[in-house]
S.K.: 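Let me begin by handing over the structure; questions about it come next.
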Amino acid sequence: MSGTTRLGVNVDHVATLRQARGTKTPDPVAAAVAAELAGADMITVHLREDRRHIQDRDVRVLREVVSTRLNLEMAVTDEMLAIALQVQPDLVTLVPERREERTTEGGLDCTASDERIERVVRELKAAGIPTSLFIDADTQQVRAAQATGADMIELHTGDYALATSSKLQRRELARIRVAAANGRASGLQIAAGHGLDYRNVGEIARIGEIEELNIGHSIVGRAVLVGFDRAVREMIAAMRVGEAS
Ligand code: PXP
């Protein structure tokens with residue numbers, strides 16, 4: 001599947017910078033447009049319960065402006081479900097959320113017989129919105145995710161990205177490969193993300209079953225130095241190099 005991995009650009013941290021001053025700039029909507037012009041296949045935002053970066057208005061404006069696909073990351077709550085049903089994103093990614101965390105720290109626990117996940121997946125499906133579940137690369141989680149009726153899983157690449165030795169990194173990569181193969185065999189679409197950067201993205205983009213990557217912090221960080229257009233183009237180039245290797 002060379003050259004086909006799609007890139008979802010997460011623009012949350014453009015909003016983080018704006019919220020630091022409580023002003024109108026920089027605008028995540030402008031960043032989304034720049035990312036699309038540079039070749040992004042999707043724009044991803046996480047509307048957190050504490051609204052620390054993306055605001056409700058951002059999601060509504062993005063829905064009008066985004067011309068690729070809009071992926072709304074959200075916690076499994078009735079408040080977020082109501083927003084998703086109103087905004088109608090192209091994809092909803094359900095994530096666990098803890099207020100004290102700096103970023104999403106682990107995957108959803110789909111094995112905890114939490115009927116809320118199944119219910120939210122069902123209600124979104126009834127409204128024509130496909131759902132992805134952000135889970136750890138674990139066989140039981142993949143099986144449980146499939147049982148919820150979700151369309152897609154996003155495999156958490158945080159442990160791979162943070163691995164402190166090449167041995168640990170290889171082990172995490174192997175877990176991700178197995179989970180991606182299992183997920184695909186059960187009919188799920190496969191995405192991945194968290195902690196991916198210009199150096200470590202290649203090995204993940206090489207995994208044939210993974211169709212889509214969601215990348216935020218490294219792209220926004222690079223964009224501060226070289227601009228959004230170049231930051232997105234460089235990431236796509238790094239993905240293509242990985243796919244071809
Ligand atoms: N995927 C999910 C589900 C996330 O919660 C995040 C972080 O918001 C990302 C991908 C992007 O992670 P990063 O900012 O480390 O690239």
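These figures come from a predicted structure and were not determined experimentally. Ligands are counted one by one from 1 in listed order, and the atoms in each one are counted from 1 as well.
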S.K.: Are Asp229 and Arg233 within salt-bridge range, i.e. N to O under 4.0 Å?
M.R.: yes
S.K.: Side chains of Asn71 and Thr44: donor-acceptor distance under 3.5 Å anywhere?
M.R.: yes
S.K.: State the atoms of ligand 1, each with its element, that fall below the 4.0 Å cut-off from a heavy-atom position in Asn10.
M.R.: 8 (O)
S.K.: May I ask you to list the atoms of ligand 1 that are less than 4.0 angstrom from any heavy atom of Glu154?
M.R.: 1 (N), 2 (C), 3 (C), 10 (C)
S.K.: Which of the atoms in ligand 1, numbered in the order shown and given with their element, are less than 4.0 Å from a heavy-atom of Phe134?
M.R.: 3 (C)
S.K.: Are Asp90 and Arg63 within salt-bridge range, i.e. N to O under 4.0 Å?
M.R.: yes
S.K.: If the contact criterion is a heavy-atom separation under 4.0 Å, does Ser218 count as touching ligand 1?
M.R.: no
S.K.: What atoms of ligand 1 come closer than 4.0 angstrom to any heavy atom of Ile215?
M.R.: 16 (O)
S.K.: For Asp41, what residues pass the side-chain hydrogen bond (donor to acceptor under 3.5 Å, both in side chains) criterion, not counting sequence neighbours?
M.R.: none
S.K.: Indicate, as side chain, backbone, both or neither, the part of Glu73 found under 4.0 angstrom from ligand 1 when only non-hydrogen atoms are considered.
M.R.: side chain
S.K.: Under 3.5 Å between some N or O of ligand 1 and some N or O of Gly195?
M.R.: yes
S.K.: If I apply the N/O under 3.5 Å rule, does His217 come out as touching ligand 1?
M.R.: yes
S.K.: Spell out, as yes or no, whether a donor-acceptor pair under 3.5 Å connects the side chain of Glu36 to the backbone of Thr68.
M.R.: yes
S.K.: Show me the side-chain donor-acceptor pairs of residues 131-139 shorter than 3.5 Å, one per line, residues at least two apart or across chains.
M.R.:
| unit_1 | atom_1 | unit_2 | atom_2 | d |
| --- | --- | --- | --- | --- |
| Asp136 | OD1 | Gly107 | N | 3.1 |
| Asp138 | OD1 | Gln140 | N | 3.0 |
| Asp138 | OD1 | Gln141 | N | 3.0 |

S.K.: For Ile215, is there any backbone N or O sitting under 3.5 Å from a side-chain donor or acceptor partner on Asn10?
M.R.: no
S.K.: Counting each atom of ligand 1 from 1 as listed, which ones have a heavy atom of Asn214 under 4.0 Å away?
M.R.: 10 (C), 11 (C)
S.K.: Between His13 and ligand 1, find which residue part has any heavy-atom pair under 4.0 Å and reply side chain, backbone, both or neither.
M.R.: neither
S.K.: Decide whether Glu154 and His194 meet the rule of one side-chain donor and one side-chain acceptor closer than 3.5 Å.
M.R.: no
S.K.: Any nitrogen or oxygen of Gly216, main chain or side chain, under 3.5 Å from a nitrogen or oxygen of ligand 1?
M.R.: yes
S.K.: At under 4.0 Å between heavy atoms, is it the side chain or the backbone of Val95 that contacts ligand 1, or both, or neither?
M.R.: side chain
